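Every heavy atom of this structure was used, including side-chain atoms; hydrogens, water molecules and symmetry mates were not. Reminder, nothing fancy here: chain letters follow the sequence lines and each chain counts from 1. Quick caveat: nothing in here was measured; it's all calculated off a predicted structure.
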There are 2 protein chains.
Amino acid sequence: MTGLRERKKRATRDALMTAALRLALERGLENVRVEDIAAAAGVSPRTYNNYFASKYEAITARHTDRVRASVAALRARPPDEPLWDALTEAMVRPWAEHAGTTDTPPSPELLAAIRMLNDEPALRAESVRVAFAVSGELAAAVGERTGIDPGRDPYPSLVAVTAAAAVQAGVAHWLRSDPPVPLVPLLRDCLRALASGLADPTREGDDSWTS
Amino acid sequence: MTGLRERKKRATRDALMTAALRLALERGLENVRVEDIAAAAGVSPRTYNNYFASKYEAITARHTDRVRASVAALRARPPDEPLWDALTEAMVRPWAEHAGTTDTPPSPELLAAIRMLNDEPALRAESVRVAFAVSGELAAAVGERTGIDPGRDPYPSLVAVTAAAAVQAGVAHWLRSDPPVPLVPLLRDCLRALASGLADPTREGDDSWTS
DNA sequence: CGCTGAAATTGCGTGTCCCGCAATTTTTCT
DNA sequence: AGAAAAATTGCGGGACACGCAATTTCAGCG
């Protein structure tokens, strides 16, 4: 039972996020001012900055919320599950829900949004900033799961940051793929390749990319 | 034989970089304005923005130039060298030159600079922005070396972006390490772990971290 | 119900930043 | 030496982020 206060805050935040993303997609990123977003959400420009510290935060908020969800997803996996199984599921899930499966393609608007996030340098910088901030928590979760102290051994941080990077690379490749490739299997491939060694496939003895 | 024009441009760019970093270290990042940097370098504030598009670009320029150097270093490696040997050398070299070896510790000022780059969110964002921009070229270099088209196969991008991430993680761990750990061997360990699979060391069958 | 304290919204002002434009100075080339 | 090209500079505007204080809105209680 949440009070009216909290519900209103969430509604305002959501309205700002939605309006910001919609306007950015309609007009292009540089043709949107903070004033426009605030007006579209029905609040004052000053209130905008009470919710988001920069113009780009609101636009990337949906995406960065998904990233944050990955950490929670990892913590929600059964503790005895092997690390890379749990990590793969946790990283893939936020994308699986929205980006469609093999037979249900992603909505054009979502695709355009993700594309904009990857093409606009300012938005890339913002989302990567959050990704790195979150990677600390992700490393902590990996540390708990493996029993390795992230302060003493770089392994948890290494796993967290490279896994996040692998997802980034996978998404970027997905956006460029022609003909289109289903995202979720691609992400699984990337994470599997990461976990089993990124051996040069032009040399002998590796078959992780032939399946 | 370079003309006067080009030499002067390099000199002013270098003066701006140096002044920006020095002032940021002396006063703290938020207590330095573009006007101050320009004054310290002996140019007008307007000229500053002819060289750097943002206040933070100049401060991170030394570091981002190092990152760019990694790509050139990879391209300079002998073409028949195994991928991960070449990649490790290319990624480590820019750090090896400045961050000291086991017996020659890094200079305190450089350490403070790198620490600031990792602690200040604005500088992190700027350096990561450049890192990702460069990672495209790094992926291209990996593609050439392996003969794999980055547009068709995600492998080159995956290698490039995860290797960059591994270096980031290594540097971050190095900054936190107490007692201090020599950086170069640590980076080599991180890249070797990445290349040979980030298997969970708490499970059996992996010895890459015991050497 | 009405009151009181807490929390959120808002308006205003300020400092900073980034860039377009045109004028001026500096370098290069013949 | 003089013309062309390039860099520097001053000016001005647009936008952004934030501190501060006033106002409005909500929550809890007698």
Under 3.5 Å, is there a donor-acceptor pair between the B:Tyr51 and B:Thr12 side chains?
->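 Short answer, yes.
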[X] [atom1] to [N] [atom2]: how many Å, rounded?
X       : N      : atom1 : atom2 : value
B:Glu57 : C:dC17 : CD    : P     : 14 Å
B:Arg7  : C:dT27 : CZ    : P     : 10 Å
A:Asn49 : C:dC12 : CG    : C1'   : 14 Å

Greater than 12 external heavy atoms within 6.0 Å of B:Arg75's CZ =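 Counting neighbours around CZ of B:Arg75, more than 12 heavy atoms of other residues, nucleotides or ligands fall under 6.0 Å, so yes.
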Considering residues, nucleotides and ligands other than A:Glu109, do more than 12 of their heavy atoms fall under 6.0 Å from its CD?
->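 Atom CD in A:Glu109 is not crowded, with 12 or fewer foreign heavy atoms closer than 6.0 Å.
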Any donor-acceptor pair under 3.5 Å linking the side chain of B:Tyr155 with the backbone of A:Leu198?
->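 Pair found, side chain donor or acceptor close to backbone of A:Leu198.
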Is a side-chain donor or acceptor of B:Trp174 paired with a backbone partner of B:Leu186 at a separation under 3.5 angstrom?
->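 Not confirmed, B:Trp174 side chain does not pair with B:Leu186 backbone.
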Enter the distance from A:Ile37:CD1 to A:Phe52:CZ here, rounded to the nearest 0.5 Å.
->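 Between atom CD1 of A:Ile37 and atom CZ of A:Phe52 there are 9.0 Å.
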Output the distance between atom CG (B:Asp189) and atom CG (B:Leu194), rounded to the nearest 0.5 Å.
->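 Separation between the atoms: 12.5 Å.
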Stems involving DNA chain D: give each as a range paired with a range, ordered by first number, where a stem means at least three consecutive Watson-Crick or G-U wobble pairs under 3.5 Å.
->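 C:1-30 with D:1-30 - these are the stems of 3 or more pairs that involve DNA chain D.
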So which of A:Leu16, A:Leu29, A:Thr64, A:Leu25 actually passes side chain to side chain contact (heavy atoms under 4.5 Å, CB included) with A:Ile59?
->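 Single pass found, and it is A:Leu29.
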Tell me every residue that passes side-chain contact (heavy atoms from CB on, under 4.5 Å) with [X], counting only those two or more places apart in sequence or in another chain.
X        : value
A:Pro79  : none
B:Asp14  : B:Met17, B:Thr18, B:Arg62
A:Ala172 : A:Asn118, A:Arg176

Inter- and intrachain pairs under salt bridge (charged side-chain N to carboxylate O under 4.0 Å, His left out), touching residues 115-125 of chain A, at least two apart |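 Listed by first then second residue: nothing to list.
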Can you list every pair that meets salt bridge (charged side-chain N to carboxylate O under 4.0 Å, His left out) and has a residue in residues 129-143 of chain A, with sequence neighbours left out?
->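 Every pair satisfying salt bridge (charged side-chain N to carboxylate O under 4.0 Å, His left out) with a residue in residues 129-143 of chain A: A:Glu57-A:Arg129, A:Glu126-A:Arg129.
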Please walk me through it: do A:Arg68 and A:Val130 pass side-chain contact (heavy atoms from CB on, under 4.5 Å)?
-> CA-CA 9 Å; A:Arg68 287 177 226 278; A:Val130 175; 3.7 Å; yes
Which nucleotide span of DNA chain D, 5' end to 3' end, has atoms closer than 4.0 Å to non-hydrogen atoms of chain A?
->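 It runs D:dA15 to D:dA27.
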In residues 116-132 of chain B, which ones come under 4.0 Å of DNA chain C, going by heavy atoms?
->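 Residues of residues 116-132 of chain B that come under 4.0 Å of DNA chain C do not exist, since none gets that close.
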When you measure from every atom of DNA chain C, which of residues 11-27 of chain B have a heavy atom less than 4.0 Å away?
->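 Of all residues in residues 11-27 of chain B, none places a heavy atom under 4.0 Å from DNA chain C.
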Which atom pair, heavy atoms only, marks the closest approach of B:Ala139 to B:Pro150?
->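 Smallest interatomic distance, heavy atoms only, reads O-CG, 3.9 Å.
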Close N or O pairs between protein and nucleotides 13-16 of chain C (under 3.5 Å):
{"residue": "C:dT16", "atom": "OP1", "partner": "B:Arg33", "partner atom": "NH1", "Å": "3.4"}

B:Arg192 to B:Trp84, cation-pi by 6.0 Å centre distance and 45° axis angle |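 No, cation not above the ring by the 6.0 Å, 45° rule.
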Answer with base, sugar-phosphate or nothing: what part of the nucleic acid does B:Tyr51 contact at a heavy-atom distance below 4.0 Å?
->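 It contacts sugar-phosphate atoms only.
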Quick one: do B:Asp65 and B:Arg13 satisfy salt bridge (charged side-chain N to carboxylate O under 4.0 Å, His left out)? Show the steps, please.
-> CA-CA 12 Å; B:Asp65 283 353; B:Arg13 182 185 150 89; 3.3 Å; yes
Please list, for nucleotides 28-30 of chain C, all pairs of protein and nucleotide N/O atoms separated by less than 3.5 Å.
{"residue": "C:dT28", "atom": "OP1", "partner": "B:Leu4", "partner atom": "N", "Å": "2.6"}
{"residue": "C:dT28", "atom": "OP1", "partner": "B:Arg5", "partner atom": "N", "Å": "2.7"}

side-chain hydrogen bond (donor to acceptor under 3.5 Å, both in side chains) contacts touching residues 20-30 of chain B (sequence neighbours left out) |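 Sorted pair list: B:Arg22-B:Glu26, B:Arg27-B:Asp36.
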